Amino acid sequence: MANITFSSPKMKKDLTVYATAGNCSTLLAVAKEHKVPIEFECENGECGSCPVEVVILANKQPMGMHLTEKEKTVLKLAGKITKQQIEDAELKDIPPPWRLACQFIVRNEDILVKF
């Protein structure tokens with residue numbers, strides 16, 4: 001169970017929604033369900049149109065998060081993440097700050113999503 005706060009200049013004010021962990025919903029699916037205006041096109045991680053900055057709000061070690069190969073490629077080409085951040089995610093379970101909303105699976109931790 002997690003609180004997800006969406007923040008963007010595209011919105012009149014921040015919106016916090018409750019997401020049930022374990023249902024395997026992507027961040028984009030949660031955003032669409034709550035009419036959050038995250039831009040997207042393909043919804044499968046190839047176009048790179050839905051990058052979001054994810055900030056973990058808990059004062060504890062963030063959960064390790066799997067990056068798909070598509071996501072690594074798209075975010076690296078867009079200059080959103082570095083090779084070192086990819087290695088840190090894979091080897092040290094340190095999540096990178098940028099993710100694709102269509103690939104990010106909501107976990108059991110409170111997050112701030114900036115777009």
Side-chain angles (χ1 to χ4, degrees):
M1 296 170 259
N3 287 316
I4 302 170
T5 301
F6 294 96
S7 180
S8 173
K10 298 176 185 179
M11 300 167 53
K12 290 181 182 177
K13 63 179 184 173
D14 292 356
L15 174 66
T16 300
V17 300
Y18 179 77
T20 304
N23 71 358
C24 297
S25 290
T26 65
L27 189 55
L28 182 59
V30 173
K32 288 170 61 177
E33 178 182 345
H34 295 281
K35 298 183 180 16
V36 175
I38 292 178
E39 293 183 23
F40 66 93
E41 289 178 22
C42 72
E43 295 185 64
N44 68 8
E46 293 180 3
C47 71
S49 64
C50 61
V52 293
E53 185 178 4
V54 178
V55 178
I56 308 300
L57 298 178
N59 289 328
K60 60 181 180 178
Q61 175 68 28
M63 294 180 168
M65 298 181 190
H66 174 74
L67 289 160
T68 65
E69 291 302 318
K70 290 178 188 177
E71 191 173 21
K72 289 179 209 175
T73 301
V74 168
L75 289 173
K76 190 173 177 202
L77 288 173
K80 298 289 188 185
I81 61 173
T82 64
K83 182 180 178 184
Q84 184 61 53
Q85 288 172 318
I86 293 170
E87 288 177 11
D88 287 346
E90 293 174 340
L91 303 175
K92 300 176 186 175
D93 285 337
I94 300 172
W98 287 90
R99 299 294 304 265
L100 294 179
C102 68
Q103 299 295 295
F104 183 93
I105 303 295
V106 176
R107 306 285 296 272
N108 188 21
E109 59 189 347
D110 295 345
I111 58 174
L112 170 64
V113 178
K114 300 177 189 179
F115 60 98

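Any value given below was found using the heavy atoms of this structure, including those in side chains, with hydrogens, waters and symmetry copies removed. Remember, it's a predicted structure, so these values are computed and weren't measured experimentally.
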Inter-residue atom distance His34.NE2 - Phe6.CZ, 0.5 Å rounding
7.5 Å

Can you list everything that forms a side-chain contact (heavy atoms from CB on, under 4.5 Å) with Lys83? Sequence neighbours excluded, please.
Lys76, Glu87

Do you see a donor-acceptor pair shorter than 3.5 Å between the side chains of Asn3 and Thr16?
no

Is Leu27 reachable from Val17 through a run of I, L, V, M, F, W or Y residues, each pair having side-chain heavy atoms under 4.5 Å apart?
yes

Could you check if a side-chain atom of Ile4 sits within less than 4.5 angstrom of a side-chain atom of Asp110, using non-hydrogen atoms only?
no

Do Met11 and Phe115 have side chains that get closer than 4.5 Å, going by heavy atoms?
yes

Could you go step by step and tell me if Ile111 and Val55 meet the side chain to side chain contact (heavy atoms under 4.5 Å, CB included) rule?
CA-CA 6 Å; Ile111 58 174; Val55 178; over 6 Å; no

Which residues satisfy the side-chain contact (heavy atoms from CB on, under 4.5 Å) test with Cys102, sequence neighbours excluded?
Leu28, Cys50, Leu100

Taking atom CD of Gln85 and atom NZ of Lys80, what is their separation to the nearest 0.5 Å?
11.5 Å

What I'd like to find out is whether the side chain of Lys114 reaches to under 4.5 Å of the side chain of Ser8, using heavy atoms alone.
no

Any chain of hydrophobic side-chain contacts (each under 4.5 Å) joining Trp98 to Val113?
no

What pairs of residues pass the salt bridge (charged side-chain N to carboxylate O under 4.0 Å, His left out) test when at least one of them lies in residues 36-54, not counting sequence neighbours?
Lys10-Glu39, Lys32-Glu43, Glu46-Lys70

Using the side chain to side chain donor-acceptor pair (under 3.5 Å) criterion, which residues pair with Asp88? Sequence neighbours excluded.
Gln84

Closest heavy-atom pair and its distance - Cys47, Val74
C-CG1, 4.5 Å

Side-chain heavy atoms of Val54 within contact of Leu112, under 4.5 Å
no

Please say yes or no: joined through hydrophobic side-chain contacts below 4.5 Å, possibly via intermediate residues, are Val52 and Leu75 part of one cluster?
no

With sequence neighbours left out, write down each residue that passes side-chain contact (heavy atoms from CB on, under 4.5 Å) with Ile105, or none if nothing qualifies.
Thr26

Residues in side-chain contact (heavy atoms from CB on, under 4.5 Å) with Lys72, at least two apart?
Leu67, Glu69, Ile86, Glu90

